[in-house]
Amino acid sequence: MPVRNADIAAVFDEIADILEVEGANPYRIRAYRNAARTVGAYGQDIAALLGGGGTLPKLPGIGADLSAKIAEIAATGTCALRERLRREIPATLVALLQVAGIGPKRAKLLYHDLGIETEAQLLEAARAGRLRRVHGFGEKTERKLIDALQTRLASDRRVPIGHAAVAVDDLLAALRACSGVRSITVCGSFRRMRDTVGDIDLLAVSERPAAVMRCFTGHASVRDVLAQGPARATVVLRSGLQVDLRAIAPESAGAALVYFTGSKAHNIAVRRIAQQRGLKLNEYGVFRGTRRIAGETEASVYRALGLPLIPPELRENRGEIELAAQGRLPELIGRKDLRGDLHVHTRSSDGTADLAVMAEAARSAGLEYLAITDHSRHLRIAHGLDEKRLLRQMAEIDALNARLEGITLLTGVEVDILEDGRLDLPDRVLARLDVVVGAVHDHLGLPRRRQTQRLQRALAHPHLRILAHPTCRLIGEREPIDVDMSVVIACAAEHGRWLELDAQPLRMDLTDRDCEQAHAQGVRISIASDAHGPRDFLWLDYGVGQARRAGLRASDVVNTWPLAALRKALR
DNA sequence: GCCGTTTTCGGCCCGACTGTTTTCAGTCG
């Protein structure tokens, strides 16, 4: 089995986990965590690079020791340190760190004092009242752990960002209406527009924090209050989603936004910059000694550190701070840049609305053109169109275009890519369409080589223009297909094909990293709603967010182009 | 374990909340 970058990252993360339980130097643990992130995000396949006689360039946070371990893992799949650590600490004990309220110190203590190695044993001991015999544990901790263990399975999954947005809608409206509130901002991974969120982080700017806290913990959607103080509170909603609220005074709003938006790695990096300049950065502002010199806005915080404002989507400590320092941050695409959508469905296949309704909804969403791309015949479950029905739809679109104002419909199809890479409709009909979007919907389990060849063949087809939802993943429900994405991207680049960033909440496919790779290879991206109904165009917000995470400018995204330019490119 | 226009050794971001403590450790973000 070839060793992928993700495998190397997993080894480092496991080492960090075990070292935590062992109570090792926290900075050594951080070094392994950072290395895991760096390796996991690295663009090239490291094992292939080293195996081919290449050398790994100097990466931040990776010195002589970690490079040697990377080489060892790339060659063997593991490393001596991990094997040794595994013999010292049971793997199930490491898993205990996932339980809320259990950190490395307590895990170690439980292991030594009570011999507890698994979640099941922990639950049993807590129920039997044995935990309170351990130093630092009491009745209350025991009860909390029982709760945490019982609800863990149901509540620890990350939620697609589009679903989380819906889940906190009511709560946000209530908080914004609360007296004394100047603003409520969703921060955390939501504001960074990650494809999933683990919890929701809210920042309330207010001069009367106590009132906001009461409004928050007393809201009808709240099931449990986990923690509550004058400045912050944590609740669990009835939906199972955890929400943190932090209240802050207006003069500190910007610093608090930076702090609460993260990422953690970005925060650590900018605080280090503050330190190097003889300053201190915390959620209340930037301080020289005890004097606050910035903090009311995010821009003021970054300015005090000698940096331009860094967009939230880039704050992952993946090089954005260096780019900012050099004045080379990209001018990121925004939602308003989108002029069209090149992948939507109607009632003709599995959509819920007809052509005119979808056209009107797209126009209301600020779009100027819309490609109608219903499924093709092979996808029977979605009533896919055969040649005859597709030709009829094309005629309807022509007729409708004559009447429509402010929006233009393009003819198209989401044609199935068959198991062998051929397309599901004859060339003579594909040739007559404005845009052909190709997608895989079955044989998702093909081995890597065959799946990759299948996509290569499809991309080489003269009429295919866009590869839709390239990895076919459904977040939390279905793993991505096993495909060599670097080969697919290279193939798209070679043939001048475009890759889709499908913004359906469950898909968000391409991922931010793949999108970044595609961009680096010069491949254009189509941000598509894959709408099946008139309200689904709001998903485009999340697609744009993901594209921003990948560092895309408007010009990199084909559906920002004016219709004339797009038509020219399509010919 | 990494890193260096003060350093090759001694630093490494900073604060809130909880529970069990008699002044603070552990956990979390």
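Within every chain, numbering begins at 1; the chains are lettered A, B, ... in the order of the sequence lines, protein sequences first and strands thereafter. All figures in this text were calculated on a predicted structure; none of them were measured in a lab.
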**Request:** With P as the reference atom in both, quote the distance from B:dT27 to B:dT20 in angstrom, rounded to an integer.
**Result:** 13 Å
**Out of B:dC13, B:dG26, B:dA16, whichever nucleotide has its closest atom nearest the side chain of A:Y284** = B:dA16
**Prompt:** When we call it a touch if two heavy atoms are under 4.0 Å apart, what does A:F137 touch: a base, just sugar-phosphate, or nothing?
**Reply:** sugar-phosphate
**Asked** When you compare B:dT7 with B:dC17, how far apart are their P atoms, in angstrom units rounded to a whole number?
**Response** 40 Å
**Intermediate values then yes/no, salt bridge (charged side-chain N to carboxylate O under 4.0 Å, His left out), A:E313 and A:R191** = CA-CA 7 Å; A:E313 294 89 343; A:R191 185 158 180 251; over 6 Å; no
**Message:** With a cut-off of less than 4.0 Å, is there a side-chain N or O of A:R232 near OP1 or OP2 of B:dC28?
**Reply:** no
**Prompt:** With a 4.0 Å cut-off on heavy atoms, is A:R30 in touch with a base, just the backbone sugar-phosphate, or nothing at all?
**Reply:** base
**A:E207 and A:R182 ion-paired at < 4.0 Å** = yes
**Prompt:** Which nucleotide in the set B:dC12, B:dT20, B:dA16 lies at the smallest distance from any side-chain heavy atom of A:R272?
**Reply:** B:dC12
**Request:** Considering just the side-chain nitrogens and oxygens of A:K264, establish if one lies under 4.0 Å of OP1 or OP2 belonging to B:dC14.
**Result:** no
**Request:** Take atom CG of A:N317 and atom C1' of B:dC12, then tell me their distance rounded to the nearest Å.
**Result:** 14 Å
**Item:** Position toward the 5' end of DNA chain B (nearest nucleotide), A:G101 or A:G136
**Value:** A:G136
**Item:** A:T234 side-chain N/O to B:dG29 phosphate OP1/OP2 under 4.0 Å
**Value:** no
**Message:** By the 4.0 Å heavy-atom rule, please label A:P104 as base, sugar-phosphate, or nothing.
**Reply:** sugar-phosphate
**Asked** Is any side-chain nitrogen or oxygen of A:Q275 closer than 4.0 Å to OP1 or OP2 of B:dG11?
**Response** no
**Message:** Checking contacts here: which listed nucleotide (B:dC14, B:dG1, B:dG29) is nearest the side-chain heavy atoms of A:A31?
**Reply:** B:dG1
**Message:** Can you tell me the base-pairing partner of B:dT8? Count Watson-Crick or G-U wobble geometry only, both distances below 3.5 Å, and say none if there is no partner.
**Reply:** none
**Message:** Under 4.0 Å from OP1 or OP2 of B:dC28: is there any side-chain N or O of A:K144 that close?
**Reply:** no
**Asked** Looking only at atom P, what distance separates B:dG19 and B:dG4, rounded to whole Å?
**Response** 43 Å
**Message:** From CZ of A:R28 over to C1' of B:dC12, roughly how many Å is that when rounded to an integer?
**Reply:** 15 Å
**Message:** Output the rounded distance in Å from CZ (A:F12) to C1' (B:dC2).
**Reply:** 13 Å
**Prompt:** Is it true that A:D195 and A:R473 have a side-chain N and a carboxylate O under 4.0 angstrom from each other?
**Reply:** yes
**Message:** So that I can tick it off, tell me whether A:D17 and A:R33 are bridged by a salt bridge, with the cut-off set at under 4.0 angstrom between side-chain N and carboxylate O.
**Reply:** yes
**Prompt:** Among B:dG15, B:dA16, B:dG1, which is the nearest nucleotide to the side chain of A:K69?
**Reply:** B:dG1
**Message:** Please classify the nucleic acid contact of A:A274 as base, sugar-phosphate, or nothing, using heavy-atom distances under 4.0 Å.
**Reply:** nothing
**Asked** Atom CG of A:L19 to atom P of B:dC2: distance rounded to whole Å?
**Response** 13 Å
**Item:** Heavy-atom closest contact (A:L66 atom, A:G61 atom, distance)
**Value:** CD1-O, 3.6 Å
**Message:** Tell me the interatomic distance from A:L66, atom CG, to B:dC3, atom P, rounded to whole angstroms.
**Reply:** 9 Å
**Message:** With rounding to the closest Å, how many angstrom separate the C1' atoms on B:dT8 and B:dC2?
**Reply:** 12 Å
**Prompt:** When you match A:E283 and A:Y27 each to their closest nucleotide on DNA chain B, which lands nearer the 5' end?
**Reply:** A:Y27
**Item:** Minimum-distance nucleotide to A:K105 side chain [options: B:dG26, B:dG1, B:dC13]
**Value:** B:dG26
**Asked** Under 4.0 Å between a Lys/Arg side-chain N and an Asp/Glu carboxylate O for A:E142 and A:R130?
**Response** no
**Request:** For B:dG15, take OP1 and OP2 only and decide whether either is under 4.0 Å from a side-chain N or O of A:N282.
**Result:** yes
**Request:** Take atom C1' in B:dT6 and the same atom in B:dG11, then report the distance between them in whole Å.
**Result:** 13 Å
**Request:** Pick the P atom in B:dG29 and in B:dT22, then give their distance to the nearest Å.
**Result:** 27 Å
**Request:** Using a 4.0 Å heavy-atom cut-off across all strands, classify A:E142 as base, sugar-phosphate, or nothing.
**Result:** nothing
**Prompt:** So, are A:E88 and A:R82 salt-bridged, with charged N and O less than 4.0 Å apart?
**Reply:** no
**Prompt:** Expressed in angstrom and rounded to an integer, what is the separation of A:L281 atom CG from B:dG29 atom C1'?
**Reply:** 15 Å
**Asked** Starting at CG of A:N25 and ending at C1' of B:dC9, how long is that distance when rounded to a whole Å?
**Response** 14 Å
**Closest nucleotide among B:dT20, B:dC13, B:dC17 to the A:K140 side chain** = B:dT20
**Message:** Could you tell me how far B:dT21 sits from B:dA16 if I compare only their P atoms? Round to whole Å.
**Reply:** 24 Å
**Item:** Separation of atom CD1 in A:I29 from atom P in B:dC13, rounded to whole Å
**Value:** 14 Å
**Complete:** Closest non-hydrogen atoms of A:D541 and A:M193, given as atom of the first, atom of the second and distance, are O-SD, 4.2 Å
